[in-house]
Amino acid sequence: MKIFTDEQRRGFAVVIPLLLIVLLLSVLVERRTEPVLLTRDVETEADAVDDSVVLRPFDPNEAGYEELRRCGVPPTAAAGIVRWRRYGKVYRMKEDVALCTGVDDSLYAVLKPYIVIGEKYAITPRSGGEYTRSGSAGSSPATEPSGVERDAAEGGRQALLRSFSLDTVSAAFLVEAGFSPRQAEVVLRYRDASGGIHSEEQFRRCYVVSEAMADRLVPYIVFTAAEPEHTAESVGDAAVGEESLPRPLVEINAADSAQLRSVRGIGEKSVTAIMRYRELLGGFYSVEQLAELDVVTESNYERILTQIWCDSCKISKIDINFAGPKELMRHPYVSAKALRRIVKQRQLKGGWSGIGEMIDQNILSEEEAERLAPYLRFVRDTLNSTAQTESPQ
């Protein structure tokens, strides 16, 4: 008597091998699935000492490759962190680690709680609302005060405030009012270079004066009116009157080397650098762009600003939808990564109608887009200019 029919035996012959294959695949998948950062590949005998890795805090500015590995950082990421330091990179904030080779978004999310930026390198808040790099020249390490300490400090400063004139105030008084010693020196240099601070707007233009600091101090500042300019009332006084008249501001996009040299604070070396940078940019859209040049030092930056102005209408724009790679490459604000993305995406898409599209497609970061936008011309701009040219008069 047969227990199974021939048809049933043939069915078992098909099903059983399939079950064995499924079981074997499940075992292989289970073996290959290992928790990220919880097991270490045995690369060397030194690595074989510990079978598992537990994440521990590490300072990317100080830790070497081996220390990073002991703290649980994968090999590629550890090598990338060390390599960036060799290129002169300093990690000022945790997010800088995410830019290293071998650190993607998911890995950075795991490492972030364990990244420690030492006070020597970290960007820390300073009185007046300004942020500074701790350990840099002219500054000292600072840490965020507690709420009680901050309130006490602000209360003490408020008690010290009284009416004062910026024309006669000392650096010590400005420090008591809330400025750091370096900020106080900058304010005094700005005052001396501009011949006095005679209005609230002029005070706010000083780059070390934050909005919060200005709002707190302006009610106590006594602004003195600027002295009237002398005019020549006779032919004999004409020369004296001309000397006392203020010199016209220099427009930096059209100025030649002689006009730039006439600005107090701009020397021969600075003139060459400014004209070269102006050519690469296609013109300046803001006078603050001069601060991007190494030859323009902090000591003469405020002095120069009082003597120049910028006509942004003179900028030479790049047609982003048709410009060649060489033209894009020479612009200081176009990074190599952005250039590759622009060329590749433009070949696929055919162009953009606005800077917002380039941000949405991750071609430019918001910071890159903000800097580059004044220099770009898009499809919509090209079509509008063409229509205006072809329209009958």
How far apart are the C-alpha atoms of Leu217 and Glu200, what are their side-chain angles, what is the distance that settles it, and do they pass the side-chain contact (heavy atoms from CB on, under 4.5 Å) test? CA-CA 10 Å; Leu217 294 184; Glu200 177 183 344; over 6 Å; no

Quick one: does [X]'s side chain get under 4.5 Å of [Y]'s, heavy atoms only?
X: Leu281; Y: His331; result: yes
X: Glu368; Y: Lys337; result: no
X: Ile342; Y: Met358; result: yes
X: Leu174; Y: Gln183; result: no
X: Ile320; Y: Leu372; result: no
X: Ile117; Y: Pro60; result: yes
X: Tyr91; Y: Arg85; result: yes
X: Trp352; Y: Ile363; result: yes

Between [X] (side chain) and [Y] (backbone), is there a donor-acceptor pair under 3.5 Å?
X: Glu279; Y: Arg276; answer: no
X: Arg189; Y: Arg303; answer: no
X: Gln307; Y: Arg264; answer: yes
X: Arg191; Y: Leu166; answer: yes
X: Glu327; Y: Ala323; answer: no
X: Arg69; Y: Ala78; answer: no
X: Arg341; Y: Asn362; answer: yes

Check each of Ile274, Val250, Asn300 against Ile266 using the side-chain contact (heavy atoms from CB on, under 4.5 Å) test, and report the only one that passes.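 Result for side-chain contact (heavy atoms from CB on, under 4.5 Å) with Ile266: Ile274.
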
Transitively linked via ILVMFWY side-chain contacts under 4.5 Å: [X] with [Y]?
X: Val218; Y: Val187; value: yes
X: Val73; Y: Tyr65; value: yes
X: Leu107; Y: Val116; value: no
X: Leu55; Y: Val97; value: yes

Closest non-hydrogen atom pair, [X] against [Y]:
X: Arg278; Y: Ala255; value: NH1-O, 2.9 Å
X: Tyr375; Y: Gly282; value: CE2-C, 4.3 Å
X: Ala373; Y: Ile355; value: CB-CG1, 4.3 Å
X: Val209; Y: Ala214; value: CG1-CB, 3.8 Å
X: Leu339; Y: Pro325; value: CD1-O, 4.0 Å
X: Phe203; Y: Ile221; value: CE2-CD1, 3.8 Å

Angle between ring planes, Tyr277 versus Phe284, binned at 30° and 60°: parallel, tilted or perpendicular?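 Plane angle between 30° and 60°, so tilted.
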
How far does [atom1] of [X] sit from [atom2] of [Y], to the nearest 0.5 angstrom?
X: Arg377; Y: Ser316; atom1: CZ; atom2: OG; answer: 9.0 Å
X: Ile16; Y: Ile21; atom1: CD1; atom2: CD1; answer: 12.5 Å
X: Asp311; Y: Asn253; atom1: CG; atom2: CG; answer: 7.0 Å
X: Leu376; Y: Leu364; atom1: CG; atom2: CG; answer: 7.5 Å
X: Arg205; Y: Tyr190; atom1: CZ; atom2: OH; answer: 4.5 Å
X: Glu370; Y: Ile359; atom1: CD; atom2: CD1; answer: 9.0 Å

Could you go step by step and tell me if Lys112 and Asp105 meet the salt bridge (Lys or Arg N to Asp or Glu O under 4.0 Å) rule? CA-CA 10 Å; Lys112 183 177 180 180; Asp105 293 341; over 6 Å; no

Would you say Glu367 and Ser365 are linked by a side-chain donor-acceptor pair, where the criterion is simply a distance under 3.5 Å?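 No, Glu367 and Ser365 have no side-chain donor paired with an acceptor closer than 3.5 Å.
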
Tyr301 and Glu288: side-chain contact (heavy atoms from CB on, under 4.5 Å), yes or no, with the steps? CA-CA 9 Å; Tyr301 176 66; Glu288 282 76 14; 3.4 Å; yes

Could you go through Phe58 and Arg70, starting from their C-alpha distance and side-chain angles, then the distance that decides it, and tell me whether this counts as side-chain contact (heavy atoms from CB on, under 4.5 Å)? CA-CA 10 Å; Phe58 63 91; Arg70 287 193 295 270; over 6 Å; no

Does the pair Asp256/Arg261 count as a salt bridge with the N-to-O cut at 4.0 Å? no

Other residues, nucleotides and ligands only: do more than 12 of their heavy atoms fall within 6.0 Å of CG on Asp104? yes

Show your reasoning for whether side-chain contact (heavy atoms from CB on, under 4.5 Å) applies to Leu293 and Leu290. CA-CA 6 Å; Leu293 293 168; Leu290 291 181; 4.3 Å; yes

